[in-house]
There are 2 protein chains.
Amino acid sequence: MNVDFCARIKLDGDSPIPLYSQIMESLRKAVECGQLRPLEKLPSEREMAESLNVNRLTVRQAIGELVSDGVLMRRRGLGTYVARQKVEQGLNKLTSFTEDMISRGFIPATKLLELQIVPADKRVSQALGMSLDEPVIAIERLRLADVEPMALEMSHLPAARFPGFLLRNKELAYKSLYEILRVYYRVTPTVAMETLEARLATVKEAALLKIHYGSPVLQRERVTLDHEDTPMEFVRSLYRADRYKFMVRMGK
Amino acid sequence: MNVDFCARIKLDGDSPIPLYSQIMESLRKAVECGQLRPLEKLPSEREMAESLNVNRLTVRQAIGELVSDGVLMRRRGLGTYVARQKVEQGLNKLTSFTEDMISRGFIPATKLLELQIVPADKRVSQALGMSLDEPVIAIERLRLADVEPMALEMSHLPAARFPGFLLRNKELAYKSLYEILRVYYRVTPTVAMETLEARLATVKEAALLKIHYGSPVLQRERVTLDHEDTPMEFVRSLYRADRYKFMVRMGK
DNA sequence: TTGTTATACTGGTATAGACCACTAGACCAA
DNA sequence: TTGGTCTAGTGGTCTATACCAGTATAACAA
């Protein structure tokens with residue numbers, strides 16, 4: 001079965017995305033979607049290298065990063081395996097909306113409302129550590145759970161750091177934002193500072209979320225930092241109070 | 001100075017410890033003991049490789065692991081640098097209302113509204129892991145910040161675990177609840193699972209909080225566990241949305 | 001002076017080949 | 001059966017080489 005799996009990976013040598021990165025994403029996806037199950041054995045590095053027509057070191061690089069991410073694990077003399085499911089931890093993990101909804105048993109969906117480059121206002125520039133009016137990519141999305149509106153999300157990214165982002169608007173429809181940032185720009189979120197507060201929905205917000213004007217909403221603001229602790233994203237999300245509870249573990 | 005540093009690394013080709021690992025440990029130690037300072041530039045990979053008499057890939061492997069550990073950082077076209085100092089913050093510390101308010105610059109105060117023993121309802125018994133109708137200590141307090149109402153707190157403790165608690169009602173006026181539990185019962189909160197959601201204030205709640213009926217409030221529920229992970233407290237707090245933001249760090 | 005270009009550096013990706021260390025299982029001898 | 005050895009296969013380490021892509025700076029042209 002693994003042989004089939006390996007043969008199904010398609011690599012594009014002319015793509016600007018490095019081969020090892022393509023392999024890495026294929027493996028990561030296979031693990032995420034359950035195509036590769038926990039503790040399942042992968043083909044050997046030499047086998048994969050041969051069947052993918054790349055050097056063994058290239059495969060090793062892909063696997064190596066997944067190992068350090070905790071997705072795979074290696075055993076000398078035995079082989080490479082999918083890591084055990086992570087049980088604990090779930091509560092303070094940095095999750096995307098998609099992951100969050102799935103873990104709550106919902107089927108997530110997204111509707112892209114707006115995607116444009118705008119000058120940073122005071123709040124955004126301060127959160128991202130940039131100057132006022134510097135260009136930021138503004139993404140407004142309506143997030144659905146089981147077809148019903150769940151949240152309204154406004155993401156802001158420093159435009160200078162993600163050139164050509166607007167051209168990827170189609171991918172935003174079916175790919176996670178973080179996946180795009182990881183694959184095309186090699187940027188991975190590491191920590192986030194979040195604030196939560198309660199307020200009332202405006203007329204426009206209420207209409208989009210399909211709630212009554214004046215209904216309570218949970219406003220969540222998040223500054224996401226990359227591995228160098230540089231702000232890479234500022235998100236303001238508005239969750240329907242009747243459908244969403246934020247959960248977190250404190251202490252320890 | 002970096003040249004000196006590099007020349008000072010001694011590698012043992014016959015050692016069972018891999019070369020890249022020896023390099024890695026030397027670099028890590030140099031950073032830890034301050035020999036290499038944050039943001040300081042390292043010699044280029046090619047330079048290090050030559051001066052250490054190893055292949056560039058060997059140096060790269062050493063540096064690569066340190067980068068994924070957050071000790072170093074690389075910039076294409078520029079070089080490799082020691083990472084910025086990490087300032088671990090106590091954002092996820094388990095705090096009492098009093099500590100929380102002080103850290104926000106407020107002067108906290110408390111008004112005890114109610115203190116009695118009641119049978120546990122469904123929600124409380126489930127949170128505390130006890131049976132329905134078992135006796136719990138119910139404490140209702142109005143929390144003030146700079147004399148103005150900030151939150152309404154309803155705490156529930158398993159009565160069996162804290163005998164004679166009602167006799168201490170006077171101390172509750174000027175001592176923290178956690179202090180009483182710690183001093184008289186040797187119980188210390190360790191972790192807490194919290195949920196946050198938005199809703200509207202009821203008439204009674206609004207009156208106590210001195211806000212208008214129908215104003216939004218942030219409802220915070222917390223199950224506090226002791227060092228043995230036994231539930232010791234269940235709190236439902238209602239914060240004024242116009243005065244309070246909840247802050248938390250996620251990930252990492 | 002100002003803007004552009006060349007170039008010499010940096011890290012990033014990928015190849016080919018070699019040998020070592022460890023593991024499981026097959027095999028064989030006591 | 002028991003205990004050891006051999007062997008094929010795994011990941012682990014390392015070398016040598018090549019070219020790509022981003023960055024700063026010095027040299028040059030307008």
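Values below: every heavy atom of this structure, side chains too, minus hydrogens, waters and symmetry copies. Convention: sequence-line order gives letters A, B, ...; per-chain numbering from 1.
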Row check, A:Y184 ring normal vs A:R168 NZ/CZ: under 6.0 Å, within 45°: yes

Could one point to a donor on the side chain of A:N55 or the base of C:dA16 with an acceptor on the other under 3.5 Å away? yes

Name the closest nucleotide to the A:R46 side chain, picking from C:dC19, C:dG11, C:dT15. C:dC19

Quick one: A:M73 CE to D:dT10 P, roughly how many Å, whole number? 17 Å

Rounded to whole angstrom units, what separation is found between the CD atom of B:Q22 and the P atom of D:dC14? 8 Å

Options C:dG12, D:dG12, C:dT13, nucleotide nearest the side-chain atoms of A:R60: D:dG12

Compute both the distance and the angle, then confirm whether B:R243 meets the cation-pi test with B:F106: under 6.0 Å from the six-membered ring centre, within 45 degrees of the axis. yes

Taking the side chain of A:V54 as heavy atoms from C-beta outward, which of C:dT23, C:dG11, C:dT15 is closest to it? C:dT15

Nearest-neighbour nucleotide for the A:E45 side chain, C:dG11, D:dG12, C:dT10 considered: D:dG12

Length of the line joining B:M24:CE and D:dC14:P, which is rounded to integer Å: 11 Å

Are A:E205 and A:T202 linked by a side-chain donor-acceptor pair shorter than 3.5 Å? yes

Whole-Å distance, B:L78 CG to C:dC9 C1', equals 10 Å

When the ring planes of A:F162 and A:Y185 are compared, do they come out parallel, tilted or perpendicular, using 30° and 60° as the limits? perpendicular

Of the candidates C:dG11, D:dT10, D:dA16, the side chain of B:L57 sits closest to D:dA16

Nearest heavy atom decides the nucleotide; on that basis, is A:I17 or A:R56 closer to the 5' end of DNA chain C? A:I17

Given atom CG of B:L52 and atom C1' of D:dC14, what is their separation to the nearest angstrom? 14 Å

Provide, to the nearest angstrom, the distance between the CD atom belonging to B:E47 and the C1' atom belonging to C:dG11. 13 Å

Ignoring hydrogens and angles, answer whether the base of D:dG12 and the side-chain atoms of A:R75 contain a donor-acceptor pair closer than 3.5 Å. no

Write down the distance between CD (A:E228) and P (C:dG11), rounded to a whole number of angstrom. 14 Å

Give a yes/no on whether any side-chain N or O of B:S44 is located under 4.0 angstrom from OP1 or OP2 of C:dT10. yes

Partner of B:I63 under side-chain contact (heavy atoms from CB on, under 4.5 Å), picked from B:T58, B:L27, B:I23, B:V71, is B:L27

Nearest-angstrom distance from the residue atom CG of B:L72 to C1' of C:dT10: 15 Å

Is B:T80 close enough to C:dG11 that one of its side-chain N or O atoms is under 4.0 Å from OP1 or OP2 there? yes

Between B:R220 and B:E197 (salt bridge meaning N to carboxylate O under 4.0 Å), is one present in this structure? no

Can you tell me which residue among A:T188, A:T95, A:T224 is in a side-chain contact (heavy atoms from CB on, under 4.5 Å) with A:Y178? A:T224

Does the side chain of A:Y20 pick up a donor-acceptor pair with the side chain of A:N55 at under 3.5 Å? no

Nucleotide N/O of nucleotides 4-8 of chain D paired with protein N/O under 3.5 Å:
none

